[in-house]
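Just below is one structure, and these are the notes that go with it.
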There are 2 protein chains.
Amino acid sequence: MANISDVAKLANVSVATVSRYLNNSGYVGKKSRAQIEEAIKQLNYTPSEVARTLTTKQSDLIGLIIPDINNPFFPELARAVEDTAFRHGYTVILCNSDEDIEKEQHYIKALSKKYVAGLILTTILDQDNYSNNLSIPIVALDRPLNVNIPTVTTDNEKGAKIGTQYLIENGVSNILCISGPKSVTSTNLRLKGFFKAVEGNNVEIHMVESKHDFQTAEQLTYETLQAHPEIDGIFAFSDASAIGALKAAHRLGLKVPEQLQIVGFDGIQMGKVVTPSLTTVAQDIYKLGERATQILIEQIEGKSTNSFSEQIEPQLLIRETTKERGPL
Amino acid sequence: MANISDVAKLANVSVATVSRYLNNSGYVGKKSRAQIEEAIKQLNYTPSEVARTLTTKQSDLIGLIIPDINNPFFPELARAVEDTAFRHGYTVILCNSDEDIEKEQHYIKALSKKYVAGLILTTILDQDNYSNNLSIPIVALDRPLNVNIPTVTTDNEKGAKIGTQYLIENGVSNILCISGPKSVTSTNLRLKGFFKAVEGNNVEIHMVESKHDFQTAEQLTYETLQAHPEIDGIFAFSDASAIGALKAAHRLGLKVPEQLQIVGFDGIQMGKVVTPSLTTVAQDIYKLGERATQILIEQIEGKSTNSFSEQIEPQLLIRETTKERGPL
DNA sequence: TTGTAGGCGTTATCAG
DNA sequence: CTGATAACGCCTACAA
């Protein structure tokens, strides 16, 4: 593999000139430029990222930390991040934190040792003052970290509110709310929205906390529904949980939506394919990932110095687990 | 951040000695050793992977190329690879090839420029003589590349055979086979198994080729079932397709398994949660990923020079989309 | 505009 | 056992 000095030799210039050409820094004469281009082509030269990283302390890597790739929400998100990063010439390293703060810290350290250019952190812990002692750009996805860190989120409170309201409008009077882990910011925001919607309406509520995972939610729902057969509506904080709940309902022989209505949260692909298809508060998952990545890259490349945040509107997708059927 | 020469100074030895200590190469006196350890601790020193990579041309990165993370089979696989890699001190970079050979080539190039220590390639193209002109270890997952490249696969032919047989034993006489892309080796193997099972039995067959994706399979199945209402069994080459097919059946008002029996392939988590739960030919997904990674790491670390392959047995998981219900 | 030379942090060779 | 020192491939003052 040819290196920069091979190119320099062939082009009859110095390595400095080649370097300047490569990085668009400083002057490069017209003639030199032409020779360099020719040499590069002939040698099929590409600069070594590693050597570059060694001097500049910055690579083309972007670290993406998610809780668990087995929650279908995250592959969709990851895909958006990857696509966007790829389009801009970055490579992403994906890490599963398993909602474990130590594991997360470990990854952050490992990644920063690799001189990743930036980091995208998704929902984990509700930390008011997460301090960015790293010198690299960070953007938070779905989890506001602190004022200085740009954040891309769905309006969680609003989403939970409209989902819950829809249930109530559809005649539900005894709701089971399957929340996510309380340690997560978005959970608390959704909780707030849920309570706002419920307030003043004469509905009874039951609360359970579940991981965003089919099995857990199914089991929890099964037990709760058995203990409280009067429940006629479920609002779940993730589609994964909602689908688990749907399964529990089936096992109990409950007709959905006739006897039990269900609304999820997320808008994952899978919601369309279960039967009955899932009514849900959809996040614009792709956009979430895309915007986060774009913002990160802007920060990395210094195009925007002021960190700003973005909130994306959720959208109620009415499908078949609720009574008022809208268009698919 | 301290570097190796800081450590050397503090420990009163040369950088060479520190390096030897770090890499367990060559002798290091007892006293030097102690001083070095002390210095490292005091300075909180960790060697720079980048600099190391620059000289050794080998990083701690493992590249994993999959077709598409949105097929639920792959997140599960990726998770297994990541976990295993992590345990051995490697970091994985995940790339989506979208079943596009150019994109795959692009990634392979990009990854090798990063001096990844090894590569794990999953199902894409059926290439008899894939030539490994890279100098790094590769293992093929789910796709045999060539004799010189270790491969970890499920016994696809056998899997397809037992799945199909089971359908036939359950009285199905008109089967729709939803295959995967024909360009993929595993598809062809499964096709072979399917035909073996069918052979000699008096069953009619219909074939369609689908991506392993809910929507596509659903649409295709919907059309086929409409044109051929006599079909009473479906064997799909992936759970994703099977679940899409299940959805199509629901839309057509077909009772599963009474009127239509369905068997999938893969054994993804999601199969358990749909209703009715999916009978499937399960691969040991975690083990597949784990073994591939272990073998790769053995190659990387030179512990095993001879490349060997492994085949993992599939297992029929009888659930509710077929008539003979076994235990869950 | 261009070239020289030092440095980024390690590893590896080769004398001591 | 240990220590100089030359790579590795690139960037960037600084000088010309």
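The chains referred to below are lettered A, B, ... by the order of the sequence lines, with proteins before strands, and numbering in each begins at 1. All values below were derived from every heavy atom in this structure, side-chain atoms included, with hydrogens, water molecules and symmetry-related copies excluded.
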Please confirm whether the shortest side-chain N or O distance from B:Ser32 to OP1 or OP2 of D:dT2 is below 4.0 Å. yes
Residue-phosphate contact under 4.0 Å: A:Arg52 side-chain N/O, D:dC10 OP1/OP2: no
Taking distance alone, no hydrogens or angles, what donor-acceptor pairs closer than 3.5 Å link side-chain atoms of residues 41-48 of chain B to residues at least two apart or in another chain?
| from | atom 1 | to | atom 2 | distance (Å) |
| --- | --- | --- | --- | --- |
| B:Gln42 | NE2 | B:Glu38 | OE2 | 2.8 |
| B:Ser48 | OG | B:Val50 | N | 3.3 |
| B:Ser48 | OG | B:Ala51 | N | 3.1 |

Has B:Asn23 got a side-chain N or O lying under 4.0 Å from the OP1 or OP2 atom of C:dT10? no
How are the rings of A:His106 and B:Phe86 set relative to one another: parallel (under 30°), tilted (30 to 60°) or perpendicular (over 60°)? perpendicular
In degrees rounded to 10°, what angle is found between the helical axes fit to the five outermost pairs at each end of the helix from C:dT1-D:dA16 to C:dG16-D:dC1? 40°
Looking at B:Arg20, I'd like to know whether one of its side-chain N or O atoms comes within less than 4.0 Å of OP1 or OP2 on D:dC1. no
Which is true for B:Ser48 with a 4.0 Å heavy-atom rule: it touches a base, it touches only sugar-phosphate, or it touches nothing? sugar-phosphate
Would you indicate, yes or no, if C:dT4 has its OP1 or OP2 atom less than 4.0 angstrom from a side-chain nitrogen or oxygen of A:Ser14? no
So does A:Lys30 get a side-chain nitrogen or oxygen closer than 4.0 Å to the phosphate oxygens (OP1/OP2) of C:dT1? no
Give a yes/no on whether any side-chain N or O of A:Tyr21 is located under 4.0 angstrom from OP1 or OP2 of D:dC11. no
So, is B:Thr55 near the phosphate of D:dA7, with a side-chain N or O under 4.0 Å from OP1 or OP2? no
Using OP1 and OP2 only, check whether a side-chain N or O of B:Ser25 sits under 4.0 Å from C:dT11. no
